[in-house]
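Here the structure comes first, spelled out in structure tokens, and everything after it is commentary.
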Amino acid sequence: MAEKLLLIDGNSIAFRAFFAMHNQIDKFTNQNGLHTAAIYGFKLMLDHVLANYQPDKALVAFDAGKQTFRTEMYADYKGGRAKTPTELTEQLPYLHEMMHACGIKTYQLANYEADDIIGTLARLGDQAGDETLIVTGDRDLTQLVTDKTTVAVTIKGVTQTEMYTPAHFQEKFGVTPTQFIDMKALMGDSSDNYPGVTGIGEKTAQKLIQEYGSLDGLYENIDQMRKSKRKENLVNEEKIARECKDLATIRRDAPLTIGLDDLKYQGEQTEELTKFYQEMNFKSFLSKMNVAPSAEETTDAKEIAYTELTADNLDLLADLDHHVTFQLEMPNENYHLSTFAGFVIGDGQTWLVSRDESLLQTAPVKKILTSDQYTKDVFNAKAQIVGLHRLGIELNYVAFDLLLASYLVDPSDNSNDLGELAHAHDYYDVKSDEEVYGKGVKRAIPTDDQVFFTHLAQKARAIHELRAPVYDQLKEHEQMPLYEDIELPLTYVLAKMEIAGIKVNAQTLKEMGSKLKERLAEIEQVIYQEAGEEFNINSTKQLGEILFDKMKLPVIKKTRTGYSTAVAVLEKLQGYSPIIGHILEYRQIAKLQSTYIEGLLKVIHSSDQKIHTRYLQTLTATGRLSSVDPNLQNIPVRLEEGRQIRRAFVPSEPGWKIFSSDYSQIELRVLAHITGDKNLQQDFIDGKDIHESTARRIFHLLPGEEVTPDMRRHAKAVNFGIVYGISDYGLSQSIHVTRKQAHEFIESYFEEFPGVKKYVTEIVKSAHEKGYVETLTHRRRYLDDIHSKNFAKRSFAERTAMNTPIQGSAADIIKIAMINMDKVLRAHDLKARMLLQIHDELVFEAPAAEIPTLEKLVPQVMDSAFKLDVPLKVESKYGDTWYDLKK
DNA sequence: CCGGTCACG
DNA sequence: ACGTACGTGACCGGA
């Protein structure tokens with residue numbers, strides 16, 4: 001009878017699991033200091049596979065050691081690989097132990113790699129008529145794919161895999177699995193460190209094998225190949241190619257001492273596995289098995305005692321400790337509008353809960369929330385401040401914000417759900433809102449008091465209990481000043497800005513909207529005429545069919561799903577047909593209409609004619625803010641037509657003005673500071689036009705020579721490129737020059753700015769070593785892909801390593817400026833209000849009489865927010881609307 | 001719910 | 001040879 005066989009590539013999965021969990025490496029250690037992240041990740045993968053595949057037979061194969069028949073053949077095989085971290089190698093013995101507890105056999109064989117064990121067993125399985133699944137993190141194993149054998153390669157984390165069947169393999173590589181070995185013989189493998197034939201990479205190898213069918217076929221017909229450098233290399237390096245083929249070929253006849261009959265999957269050995277989990281301190285797995293984390297803890301941790309607070313027992317509040325945890329529950333994400341479902345307040349011993357938010361207005365509660373006699377721990381302080389403000393209560397003296405602090409520890413830990421975030425911290429005695437409230441249309445606050453109050457109390461307890469460990473992490477990262485002096489004070493400032501809101505004249509928007517509507521209808525008709533039929537212009541699919549199938553315009557670029565019709569593509573098609581210009585115009589107006597006219601009209605609060613955005617303080621990977629519901633950080637400005645939208649943004653009081661100040665070139669100034677490059681610093685100190693002076697340097701102009709507009713434009717693009725983590729290809733695309741020219745620009749830039757070059761090298765090196773990069777204030781970003789074998793992923797991580805300290809430090813600086821600005825406005829008793837932050841710009845509204853004061857004060861505060869080795873420069877403007885700003 | 005597109009810094 | 005400029009959010013169409 002056909003059975004299901006599961007073969008797991010132990011070393012490669014352990015490796016993947018280790019790096020997938022790498023940013024949490026500190027959290028995964030057991031009582032004895034053993035790192036356990038790889039073991040944990042391995043088990044996650046295993047559970048996922050077992051649940052989905054349900055094998056009859058299973059085996060985890062391991063490499064026996066460094067010495068194999070391949071290293072005997074070729075001494076440099078897998079040479080040059082970084083040493084496996086000891087944090088990983090120390091975990092491998094325990095994987096065997098865990099597999100035993102899971103009822104799965106493990107096996108390794110001297111002189112052979114895990115690949116060969118798997119290859120051999122898969123062949124045996126095929127011959128026995130079994131169905132086989134191979135799970136690995138190494139794409140090389142896909143050569144084992146057959147009609148009966150599927151290979152699952154992990155792509156992200158450990159539970160997401162790409163399934164290789166013969167059909168998928170063919171589609172992806174354009175050759176059969178056997179041919180792929182021949183391809184590798186030609187192209188080599190940089191991670192296994194064998195060379196292949198000089199000058200042949202994946203694309204050429206694929207072409208040659210497709211043409212000749214195989215390596216043998218190629219060499220049989222090599223005489224007919226026309227004379228070329230490539231042919232010469234192929235002929236000279238035939239021996240190498242054949243050796244490489246041998247190295248690349250996974251053995252299917254390894255001398256195994258076990259057979260298929262030894263692989264029966266036994267199922268979990270509950271007692272043994274429980275013991276193992278306890279040894280590893282795997283609380284989440286233990287809780288799934290309904291067992292307490294360790295023998296001493298006998299109570300069910302999920303239970304929690306609470307008391308319902310009512311008007312009659314308010315005296316309970318007086319007994320609370322003066323360090324409380326509080327949460328006002330708002331079911332809707334948008335806390336400006338959400339209803340209130342209830343609240344919880346407590347001190348770790350006592351948890352008081354209620355559905356009745358009017359109790360918050362009573363003196364004893366209000367006192368706790370407002371007074372400096374009580375410090376408060378919360379989750380998302382800004383939401384709490386705004387929510388309570390709507391109830392007429394001022395929340396002060398927040399000590400700990402779990403959301404904010406977790407975000408600083410790792411900005412990718414930014415779930416807005418307390419339960420999920422707690423789980424990420426390995427704390428499981430609280431559920432996620434989705435688990436308790438449901439999702440989609442079914443989402444609702446439970447009517448059962450027991451269910452709802454338990455959830456509230458558990459949330460509060462999670463905040464309380466996670467405070468100490470999260471503080472420890474902040475301290476370990478040297479992030480206490482970032483947390484206490486920047487992010488937490490900023491939360492209050494942002495709350496104030498959101499509450500203030502910005503006045504928007506709906507009438508202005510409506511008038512613009514009706515004009516746009518008319519124009520849209522006109523252009524639409526013209527486009528239908530030109531296309532010869534009516535279609536949905538907003539559909540890229542339909543538009544592509546019209547342009548490229550019907551009208552036969554040249555295809556410039558394709559996307560995964562069809563033809564690309566992006567602006568860059570359409571601009572290249574200008575001149576082929578007048579329809580292109582009309583489509584571009586249609587797109588521009590349609591965008592204004594839907595996003596900015598209709599979109600903004602929808603979010604004006606009827607009560608005050610204002611828009612109240614929410615700034616997300618715990619979202620971006622770099623430390624910038626983002627703005628939602630609506631996004632006020634991308635209101636059009638570059639094109640005049642869109643810029644008109646800003647006419648609708650007006651001061652909220654008669655006789656007031658809109659005032660705005662922005663940092664000039666803050667990212668390049670930060671770059672000059674961080675890199676310490678003397679030339680770049682000097683140019684800023686001398687107050688030069690930085691793009692012009694960059695042009696002077698990289699184009700080697702003499703003192704009398706003039707910088708042409710083109711030179712300046714190119715230099716500006718290079719400066720942008722440097723900030724983004726430059727690549728010649730990217731630069732060439734942005735300024736429409738050849739890749740070679742772009743490369744020369746970059747080379748020239750690095751010669752002129754050697755400090756920048758040094759920085760780029762060092763930050764990438766440091767990111768490789770540490771796995772993260774930091775900003776000026778120790779804001780941290782982990783870069784998991786920095787160790788990736790995949791060139792594209794790794795390159796992306798390397799560019800991120802260059803960009804994040806720049807973009808993130810600029811974000812740090814303006815955040816400090818905002819906190820100081822808020823203080824200064826109060827100190828000077830000004831009526832002016834800070835309304836918006838747009839990354840390098842602050843927008844205010846103020847009485848006309850205060851404008852002269854602001855013109856002095858705001859640049860002063862912004863300039864001095866952070867002492868850099870170069871000056872910061874700030875420019876201010878003001879006017880009657882956001883559109884009319886003038887110097 | 002995802003991908004394409006386009007608005008901003 | 002590989003395939004990209006960095007960071008966001010909103011809207012639309014089409015599975």
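Lettering of chains follows the sequences in order, A, B, ..., and the numbering in each one begins at 1.
Rounded to whole Å, atom P of C:dG9 lies 6 Å from atom CG of A:L616. Per the geometry, CG belonging to A:L625 stands 21 Å off P belonging to C:dC6, to the nearest Å. Whole-Å rounding puts the A:I763 CD1 to C:dC6 P distance at 16 Å. The CD-P distance, from A:Q733 to C:dC6, rounds to 13 Å in whole Å. In this structure, A:N803 atom CG and C:dT8 atom C1' are separated by 12 Å, rounded to whole Å. Summarising the geometry, the separation between CG on A:L600 and P on C:dG9 is reported as 16 Å, rounded to the nearest angstrom. One can place CG of A:L731 at 14 Å from C1' of C:dC6, the figure rounded to the nearest angstrom. What separates CD1 of A:I722 from C1' of C:dC6 is a distance of 13 Å, to the nearest Å.
In the interface, the side chain of A:S727 is paired with the base of C:dT4 through a donor and an acceptor atom under 3.5 Å apart. Residue side chain A:S734 reaches the base of C:dA5 through a donor-acceptor N/O pair under 3.5 Å, judged by distance alone. Counting atom types as modelled, A:R739 pairs a side-chain N or O with a base atom of C:dG3 as donor and acceptor under 3.5 Å.
Mapping A:T204 and A:T595 onto DNA chain C by nearest heavy atom places A:T204 at the nucleotide closer to the 5' end. Nearer the 5' end of DNA chain C, as judged by each residue's closest nucleotide, is the contact made by A:S795, out of A:K602 and A:S795.
Under the 6.0 Å cut-off for aromatic ring centres, A:F169 and A:F180 qualify, their centroids lying closer than that.
Side-chain N or O atoms of A:H768 include none that pairs as donor or acceptor with a backbone N or O of A:H787 at under 3.5 Å. With hydrogens and angles disregarded, a donor-acceptor distance shorter than 3.5 Å links the side chain of A:H612 to the backbone of A:E498.
For the residue pair A:S432 and A:D417, no side-chain donor N or O sits within less than 3.5 Å of a side-chain acceptor on the partner.
Remark: A:E598 CD is packed, more than 12 non-hydrogen atoms of other residues, nucleotides or ligands lying under 6.0 Å away.
Residue A:G725 is out of contact with every strand shown, counting any heavy-atom pair closer than 4.0 Å. Within 4.0 Å of A:A801, counting heavy atoms only, lies no atom of the nucleic acid at all. Within the nucleic acid shown, A:A811 has no heavy atom closer than 4.0 Å to any nucleic acid atom. Within the nucleic acid shown, A:Q542 comes within 4.0 Å of sugar-phosphate atoms alone, with no base atom in reach, counting heavy atoms only. Among the heavy atoms of the strands lying under 4.0 Å from A:T622 are primed sugar atoms or P, OP1, OP2 only; no base atom is included. At the heavy-atom level, A:N790 lies nowhere under 4.0 Å from the strands shown. Contacts of A:V723 with the nucleic acid, taken as non-hydrogen atoms under 4.0 Å apart, are absent. Heavy atoms of A:L619 sit under 4.0 angstrom from primed sugar atoms or phosphate atoms, though from no base atom.
If you check C:dG13, C:dC6, C:dG3 against the side chain of A:T800, the one that comes closest is C:dC6.
For the pair A:K184 and A:D140, the salt-bridge criterion is met [side-chain N within less than 4.0 Å of a carboxylate O]. The pair A:R794-A:D785 fails the salt-bridge criterion, with no side-chain N (NZ, NE, NH1 or NH2) lying under 4.0 Å from an Asp/Glu carboxylate O. A salt bridge links A:R519 with A:E641; the closest basic N to acidic carboxylate O contact falls under 4.0 Å.
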Quiz item: What pattern of brackets, bars and dots sums up DNA chain C from 5' to 3', given Watson-Crick or G-U wobble pairs under 3.5 Å, [ ] for crossing pairs and | for another strand?
Solution: .....|||||||||.
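Atom name P, nucleotides C:dG3 and B:dA7: the rounded distance is 29 Å, in whole Å.
Taking the six-membered ring where tryptophan is involved, the planes of A:Y563 and A:F548 are tilted, since the angle between them lies from 30° to 60°.
Counting heavy atoms from C-beta on, the side chains of A:R624 and A:Q807 come closer than 4.5 Å. Using a 4.5 Å heavy-atom cutoff, the side chains of A:H714 and A:F745 are in contact.
Proximity of A:R799 to the phosphate of C:dC6: a side-chain N or O atom is located under 4.0 Å from OP1 or OP2.
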Exercise. Using a 4.0 Å cut-off on protein heavy atoms (strictly under), produce a 5'-to-3' string for nucleotides 4-9 of chain B with B for base contact, S for backbone-only sugar-phosphate contact, and - for none.
Key: SSBBBB
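Stacking between A:F796 and C:dT4 is absent: the ring centroid is not both under 5.5 Å from the six-membered base ring centre and under 30° in plane angle.
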